[in-house]
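Written out below as structure tokens is the structure these notes cover.
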Amino acid sequence: MKQQLSLPKGTRDFYGITLQKRYFIINTIKHFFSLYGFEPLETPCVENTNTLLGKYGEEGEKLIFRILNNGDIFKDGTAATDTKQLVAKISDRALRYDLTIPFARFVTMNYGSLTMPFKRYQIQPVWRGDRPQRGRYREFFQCDADLVGSNSLLHEVEFVHIYQSVFDTLKIPQTSIKINSRKILSALIEHVGITENATSVFIAIDKIDKIGVDGALQELEGKLTQTEIETLRTFFSINAMLKNAEKIEALKTFFASSELSKKGLNEIEYVLQHQNNSSHTTVEIDLTLARGLDYYTGLIFEVKTKSVQMGSIGGGGRYDNLTASMGVENLSGVGISFGIDRIFDVMEELQLFPSTLHQPFSCLFFNMGESEMKTVLELSVALRLQGVACEVYHQKDKLEKQFKYAEKKNIPLVMIIGEQEIQQQIVKVKNIVTGKEKVLPFAEIKTNTTLKIELQNFASI
């Protein structure tokens, strides 16, 4: 019986021009990471479960993909008495949920040999048992840069500059870096006087971009008093102000003497003072920004674009205690992430990818028979040494079929070497779009250092 093949929900295959577009995004980001001194790192796709647990909050941990242990799980005759015991018994490994916790694990294990502050970037897939939908997948690439070993706000400033440089280069319009501080949110909890249900407040705040302020406050009814809810409403009304300076002044009035809020505001003001004001990617205070992960402690970021209906396309923040549970105390860190898949979807919808990605320059050597193949292979190697991408057709076939192969692969130039061409020591080059032809001597293919440019020009005629 023929097997019915399908992909697991929330996963995709990538091929051809799609991968070229993804590489275009990734290479752009890698370029700016390298300019700011970040070095590449890769970690295994599988981590020990105890490394991941306790880092993402209750909601995040529900989405971790666990891996079943091999062998006979209950061969010792014992049995689990509840779900958590069962899960611990049958699975002690999991696919990584993000790249930050594996990074923290790497830093902890290699702490004595790393130069501090340690800066790395990492571009690898992660897995989450989320409900698949547009812009949200179960397997997706994260593109992170993180730094540990420094409390300086210089790093937050440089991360903002990286965001601005990347999104300006990719030409994604109406892009804004949302910025807030966990210190301000913690000061809000103190100011309102919430002693219980603080976690519920953070969860509600994190939903505001989806259900609005009124929807989030409705979720807190029964958990907070009406006075507490109205105080929260006053706080979030500040977010409706248009200018960052207006929000800062309103926050100073709202909090009055709170030292914690002052620290958070000072951090935000520092970053705003040093942003790249010539960038098209703006920086905006967003008091509804909470970031759902438990490990953030300072400034937090999220990047969104109004040009396409899409969730965040980047995010990150400061985390002071991430390695403490792993054995290294007092090691502050900060990092950002780019949402490769969502950035791809945005650029695809807005048709922002360069047209040259669709028409990569290359040429095809026709296969005229075995007697010509030695010459064809020799010249194809010479062309590649000149930086010219080329293929050799795999077998002798009708010229019409070889032409069709070049057309389907968008190869603009074909190289024809038959018995007569070998006698004359020339290659016939044909532009399959215009039909124009030219002749190249064998010697020129081997020695002309500007040949790639000449062939590119001929292909574009």
Does any part of the side chain of [Y], heavy atoms only, come nearer than 4.5 Å to the side chain of [X], both counted from C-beta?
X: Phe141; Y: Phe338; value: no
X: Cys390; Y: Arg384; value: yes
X: Ser113; Y: Asn110; value: yes
X: Val334; Y: Phe159; value: yes

Considering only NZ, NE, NH1 and NH2 on the basic side and carboxylate oxygens on the acidic side, decide whether [X] and [Y] come within less than 4.0 Å.
X: Asp130; Y: Arg138; result: no
X: Arg291; Y: Glu302; result: yes
X: Glu391; Y: Lys409; result: yes
X: Asp286; Y: Lys304; result: no
X: Arg93; Y: Glu47; result: no
X: Asp341; Y: Arg22; result: yes

Over 12 non-hydrogen atoms of neighbours within 6.0 angstrom of [atom1] in [X]:
X: Asn27; atom1: CG; value: yes
X: Lys171; atom1: NZ; value: no
X: Tyr270; atom1: OH; value: yes
X: Ile453; atom1: CD1; value: no
X: Glu407; atom1: CD; value: yes
X: Glu348; atom1: CD; value: yes
X: Lys263; atom1: NZ; value: no
X: Met109; atom1: CE; value: no

>> Determine whether the aromatic ring centres of residues Phe235 and Phe254 are separated by less than 6.0 angstrom.
In response: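 Distance test on ring centres: under 6.0 Å, yes.
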State the [atom1]-[atom2] distance between [X] and [Y], to the nearest 0.5 angstrom.
X: Asp168; Y: Thr281; atom1: CG; atom2: OG1; value: 4.0 Å
X: Thr51; Y: Asn48; atom1: OG1; atom2: CG; value: 5.0 Å
X: Thr175; Y: Lys306; atom1: OG1; atom2: NZ; value: 10.5 Å
X: Leu220; Y: Leu224; atom1: CG; atom2: CG; value: 5.0 Å

>> Applying side chain to side chain contact (heavy atoms under 4.5 Å, CB included) to Ile29 and Ile340, what does each step give before you reach the verdict?
In response: CA-CA 10 Å; Ile29 297 169; Ile340 298 296; 3.6 Å; yes
Donor-acceptor pair, distance only, cut-off 3.5 Å: does the side chain of [X] make one with the backbone of [Y]?
X: Arg182; Y: Ala290; value: yes
X: Ser34; Y: Lys30; value: yes
X: Asn244; Y: Glu269; value: no
X: Thr297; Y: Asp320; value: yes

Ignoring hydrogens, what is the shortest heavy-atom contact between [X] and [Y]? Give both atom names and the distance.
X: Ile238; Y: Ala250; answer: CG2-CB, 3.8 Å
X: Val157; Y: Val271; answer: CG2-CA, 4.1 Å
X: Arg66; Y: Thr49; answer: NH1-CG2, 3.2 Å
X: Leu287; Y: Asn180; answer: O-ND2, 3.5 Å
X: Ser279; Y: Gln164; answer: OG-CB, 3.3 Å
X: Thr43; Y: Arg96; answer: O-NH1, 2.8 Å

>> What verdict does the side chain to side chain contact (heavy atoms under 4.5 Å, CB included) test give for Asp144 and Arg120, after you've listed the backbone C-alpha separation in whole Å, the side-chain angles of each residue and the deciding distance to 0.1 Å?
In response: CA-CA 8 Å; Asp144 288 12; Arg120 81 86 173 85; 3.9 Å; yes
> Does a side chain donor of either Ser150 or Ser152 reach within less than 3.5 Å of an acceptor in the other side chain?
Replying inline: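 Absent: no donor and acceptor within the cut-off.
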> So, Asp146 and Tyr319: side-chain donor and acceptor under 3.5 Å apart, yes or no?
Replying inline: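 There is such a pair (donor and acceptor under 3.5 Å, judged by atom type) between the side chains of Asp146 and Tyr319.
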>> With ring-ring contact (aromatic ring centres under 6.0 Å, His included) as the criterion, how do Phe344 and Phe353 come out once you've worked through the C-alpha distance, each side chain's angles and the decisive distance to 0.1 Å?
In response: CA-CA 9 Å; Phe344 177 94; Phe353 287 103; 5.6 Å; yes
